[in-house]
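Step one of this worksheet: look at the structure below.
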Amino acid sequence: MLKPLLITAIVAALAAGMGYADQSSSKVILQVSKTAPSNGQQMYVGYCAPCHGVDGRGKGPVASALRTPPTDLTILRKSNHGKFPDTRVMTTLEFGAEIPSHGSIEMPIWGPILGKMNMSNDQERVLRISNLSRYLDSIQTR
């Protein structure tokens, strides 16, 4: 009598454990709409603000679902000896980054996504990434 009860309890515990483990690896899916390639602020609000927050400080509505809090994007200049790291920002936007705060590249690699919005125009992808980087430069704390 105890043996079937014990087996049932073990199976239930394993099922509960697997369900809990599955929750920790869930992905956040965001709907992305096309924005104007010339409007860095509009792109930021559409693509970055869900995680980094509208103010860029890393407190967006999706931030709590991530393993590591998003970077405070308003201190990039301060963290880089007073110079905005535009090349690094543009490279991160286009190709992603292998930095601890992004874990296994949780941050979307926006280059391919932005490029798919207009596959025939590589200049638009570069324009989008450049204008988004320029907007990030404009929100740096002084």
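Because the structure is predicted, anything quoted here is derived from the model rather than measured.
- Of all heavy-atom pairs spanning P37 and M43, the tightest one is O-CE, 3.6 Å.
- Counting only N and O atoms by type, the side chains of S130 and R134 include a donor and acceptor under 3.5 Å apart.
- Under the 3.5 Å distance criterion, with hydrogens and angles disregarded, no donor-acceptor pair is assigned to the side chains of S38 and R128.
- Formation of a donor-acceptor pair under 3.5 Å by the Q140 side chain with backbone atoms of K83 is not found in this model.
- Both F84 and L93 belong to a common hydrophobic cluster when Ile, Leu, Val, Met, Phe, Trp and Tyr are linked at side-chain heavy-atom distances under 4.5 angstrom.
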Assess whether side chain to side chain donor-acceptor pair (under 3.5 Å) is satisfied between N80 and R77, documenting all intermediate values.
CA-CA 5 Å; N80 197 47; R77 180 182 292 140; over 6 Å; no

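- Between V89 and D86, the closest side-chain pair of non-hydrogen atoms is not below 4.5 Å.
- The distance from the OG1 atom of T35 to the OH atom of Y47 is 3.0 Å, given to the nearest 0.5 Å.
- To the nearest 0.5 Å, atom OG1 of residue T71 and atom CG of residue L76 are 7.5 Å apart.
- Taking CG of D55 as the reference point, atom CD1 of I139 lies at 8.0 Å (rounded to 0.5 Å).
- Note that CZ of R57 and OG1 of T74 are 4.0 Å apart. Values are rounded to the nearest 0.5 Å.
- For the atom pair CG (L136) and SG (C48), the distance works out to 6.0 Å, reported to the nearest 0.5 Å.
- The CE atom of M90 sits 10.0 Å away from atom CG of N131, with the distance rounded to the nearest 0.5 Å.
- In this structure, the side chain of H52 does not engage the main chain of P70 through any donor-acceptor pair within 3.5 Å.
- Although no hydrogens or angles enter the test, the distance criterion places no donor-acceptor pair under 3.5 Å between the side chain of S133 and the main chain of I129.
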